[in-house]
Amino acid sequence: MFSDAKRSLFIRASCPGTLHSAKNGLSAAWHTCGVSSSNDTPEFALPLVVRVEKTEPPARTDALETAARAVLVMLCDDRSLGEGEWARAMRDWQDARIRKVVRRARGAEWRKASRLPGITVTGKTAEVRVFPPVPLDGWPKELAKLQVSGTELDDTGELPPPAPGQALLWLNPDLPMSTGKEMAQVGHGAQLLWWAMTDADRKAWREAGFPLAVRTADPARWARLTTSDLPLVRDAGFTEIAPGSCTVVSDFPVRGD
């Protein structure tokens, strides 16, 4: 389904943030911790809100996978492209940093957030709403008041093995992060993987509904992944972890037998 040539790409990213101009490079080292918007252009962040009800919180991995898909859906939405109503904000966001901020909501807060322009993506237990990028100092009040830190979710059962056709987003096994932080990181990983694909591969993945799986690598696998040529997320260290920490490695959708 996906060409082996794409696996030879050398891609590295320091996130939040990557240069828009690097997206089409076949061999690019993306180090963008120091990139900032110009004085004339505000810096943007992509807001994601996960629904966390007290009595029925989503499973952790389902929330991570749903957040990653939400980023991909936003990237491909007609309103994000060309002359679409979100296109200018999306371009400004991708031309500077690809910062993502994950907040949580329940009850009336979730209903208020759901009325704002955006896209709700659902998983088996999770609901994540992604919104067009907003200036860091210009959040809508319905989102600004939502909690941004301390989002912690759990898995209640054993995770199934990844299925053929799923992309794999591997988390660092030695780097503790909150679930909210992990959601942002797998969002980065999904976006970098999307940028690394050929047009044909993107079309096939999109038409399949962006199948993907998030798993925590074992230490031996992680060591191999971080020295491979796969897209790698290095966090800028704005929250929770040290600057330059490797958080996610993204692998292309696995083939069936």
Q: Over 60° means perpendicular and under 30° means parallel, so classify the ring planes of Trp194 and Trp205, tilted if in between.
A: tilted
Q: Ala217 and Pro173: which non-hydrogen atoms are nearest, and at how many Å?
A: O-CB, 2.9 Å
Q: Identify whether the distance between the nearest side-chain nitrogen and carboxylate oxygen of Asp199 and Lys203 falls below 4.0 Å.
A: no
Q: Checking Ser245 side chain against Asp235 main chain: does a donor-acceptor pair fall under 3.5 Å?
A: no
Q: Would Val50 end up clustered with Val148 when hydrophobic side chains under 4.5 Å apart are linked, directly or stepwise?
A: no
Q: Go through Lys100 and Trp93 one step at a time and tell me if the side-chain contact (heavy atoms from CB on, under 4.5 Å) criterion holds.
A: CA-CA 10 Å; Lys100 299 173 181 70; Trp93 171 61; 3.9 Å; yes
Q: Might you work through the side chain to side chain donor-acceptor pair (under 3.5 Å) test for Glu127 and Thr120, ending with a clear yes or no?
A: CA-CA 7 Å; Glu127 290 181 76; Thr120 298; 5.9 Å; no
Q: Can you measure from CZ (Phe238) to NZ (Lys181) and round to the nearest 0.5 angstrom?
A: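 Reported value, rounded in 0.5 Å steps: 9.0 Å.
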Q: Using the rule that Ile, Leu, Val, Met, Phe, Trp and Tyr join whenever any side-chain heavy atoms are under 4.5 Å apart, tell me whether Met183 and Ile119 fall into a single cluster.
A: yes
Q: Using 0.5 Å steps for rounding, measure from the OG1 atom of Thr151 to the CE atom of Met177.
A: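 With rounding to 0.5 Å, OG1 (Thr151) is 13.5 Å from CE (Met177).
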Q: Working to the nearest 0.5 angstrom, can you tell me the gap between Glu85 CD and Met90 CE?
A: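 Nearest 0.5 Å value for the CD-CE distance: 12.5 Å.
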Q: Could you tell me the separation between the CZ atom of Arg202 and the CG atom of Leu193, rounded to the nearest 0.5 Å?
A: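 Here the rounded value is 10.0 Å.
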Q: So which heavy atom on Pro132 is nearest to which on Leu46, and how close?
A: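 Looks like C-CD1, 4.4 Å.
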Q: Is the backbone N or O of Leu212 less than 3.5 Å from a side-chain atom of Arg69, with the two atoms forming a donor-acceptor pair by type?
A: no
Q: Do side-chain atoms of Asp251 reach the backbone of Leu168 as a donor and acceptor pair under 3.5 angstrom?
A: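 Side chain of Asp251 to backbone of Leu168: no pair is present.
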Q: Evaluate side-chain contact (heavy atoms from CB on, under 4.5 Å) for Arg99 paired with Leu136, printing each intermediate quantity in order.
A: CA-CA 10 Å; Arg99 293 187 71 170; Leu136 290 181; 3.4 Å; yes
Q: I need the Leu232 CG to Thr227 OG1 distance, nearest 0.5 Å.
A: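 Going from the CG atom of Leu232 to the OG1 atom of Thr227 covers 10.0 Å.
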Q: For the residue pair Trp222 and Cys246, what are the closest heavy atoms and their distance?
A: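 The pair with the smallest heavy-atom distance is CZ2-O, 3.7 Å.
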Q: Looking at Ser228 and Leu225, would you say the former's side chain and the latter's main chain have a donor-acceptor pair under 3.5 Å?
A: yes
Q: Do Leu230 and Leu175 share a hydrophobic cluster, counting only Ile, Leu, Val, Met, Phe, Trp and Tyr and linking them when any side-chain heavy atoms are less than 4.5 Å apart?
A: yes
Q: In terms of hydrophobic clustering (I, L, V, M, F, W, Y; side-chain heavy atoms under 4.5 Å; direct or indirect links), are Met74 and Leu143 co-clustered?
A: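 The answer is no; the residues belong to distinct hydrophobic clusters.
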Q: Restricting to non-hydrogen atoms, name the atom on Ala70 and the atom on Val121 that form the minimum distance, rounded to 0.1 Å.
A: CA-CG2, 3.7 Å
Q: Does the distance from a Lys or Arg side-chain N to an Asp or Glu carboxylate O, for Glu142 and Arg115, drop under 4.0 Å?
A: no
Q: Say whether, by atom type as modelled, one donor and one acceptor occur between the side chain of Ser114 and the main chain of Trp110 under 3.5 angstrom.
A: yes
Q: Do the side chain of Ser250 and the main chain of Gly189 share a donor and acceptor less than 3.5 angstrom apart?
A: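 It does hold such a pair.
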Q: With a 3.5 Å distance limit and no angle check, can you tell me whether Arg104 reaches the backbone of Ser149 through a side-chain donor-acceptor pair?
A: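 Yes: the side chain of Arg104 pairs with the backbone of Ser149.
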Q: Give the cluster check for Val186 versus Val233: same hydrophobic cluster or not, with ILVMFWY residues linked at side-chain heavy-atom distances below 4.5 Å.
A: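 Yes, one cluster joins them.
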Q: Passes side-chain contact (heavy atoms from CB on, under 4.5 Å), Thr226 versus Asn172? Steps please.
A: CA-CA 9 Å; Thr226 53; Asn172 186 335; over 6 Å; no
Q: If you round to the nearest 0.5 Å, how far is OG1 of Thr216 from CG of Leu171?
A: 4.5 Å
Q: Tell me, do Asp62 and Leu153 make a side-chain contact under 4.5 Å, heavy atoms counted?
A: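 They are not in contact (no side-chain heavy atoms under 4.5 Å apart), so the answer is no.
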Q: Taking only Lys NZ, Arg NE, NH1 and NH2, and the carboxylate oxygens of Asp or Glu, determine whether Arg51 and Glu53 approach each other closer than 4.0 Å.
A: yes
Q: Please give me the minimum heavy-atom distance between Gln94 and Trp195, naming the atom from each residue.
A: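 Looking at all heavy atoms of both residues, the closest pair is OE1-CZ2, 3.2 Å.
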Q: Taking all atoms of both residues into account, what is the closest heavy-atom pair of Ala68 and Leu169, and its distance?
A: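 Looking at all heavy atoms of both residues, the shortest contact is CB-CD1, 3.8 Å.
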Q: Report yes if some heavy atom in the side chain of Arg91 is under 4.5 Å from a heavy atom in the side chain of Phe44; otherwise report no.
A: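 No, their side chains stay 4.5 Å or more apart.
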Q: Going through the distances and angles, do Trp139 and Lys145 end up as a side-chain contact (heavy atoms from CB on, under 4.5 Å)?
A: CA-CA 9 Å; Trp139 281 68; Lys145 66 182 181 180; over 6 Å; no
Q: Can you tell me if Asp201 and Thr198 form a side-chain donor-acceptor pair at under 3.5 Å?
A: yes
Q: Hey, is CZ on Arg215 packed in by over 12 heavy atoms from elsewhere, all under 6.0 Å?
A: yes
Q: Taking the side chain as C-beta and beyond, is there a heavy-atom pair between Val71 and Leu48 under 4.5 Å?
A: yes
Q: So does Ala59 get a backbone contact from the side chain of Thr125, meaning a donor-acceptor N/O pair under 3.5 Å?
A: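 Yes; judged by distance alone, with no hydrogens or angles, the pair exists.
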Q: Determine whether a donor-acceptor pair (N or O, by modelled atom type, separation under 3.5 Å) exists between the side chain of Arg206 and the backbone of Cys76.
A: yes
Q: Evaluate the side-chain proximity of Arg103 to Pro47: yes if any heavy-atom separation is below 4.5 Å, no if none is.
A: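 SC-SC contact between Pro47 and Arg103 ruled out.
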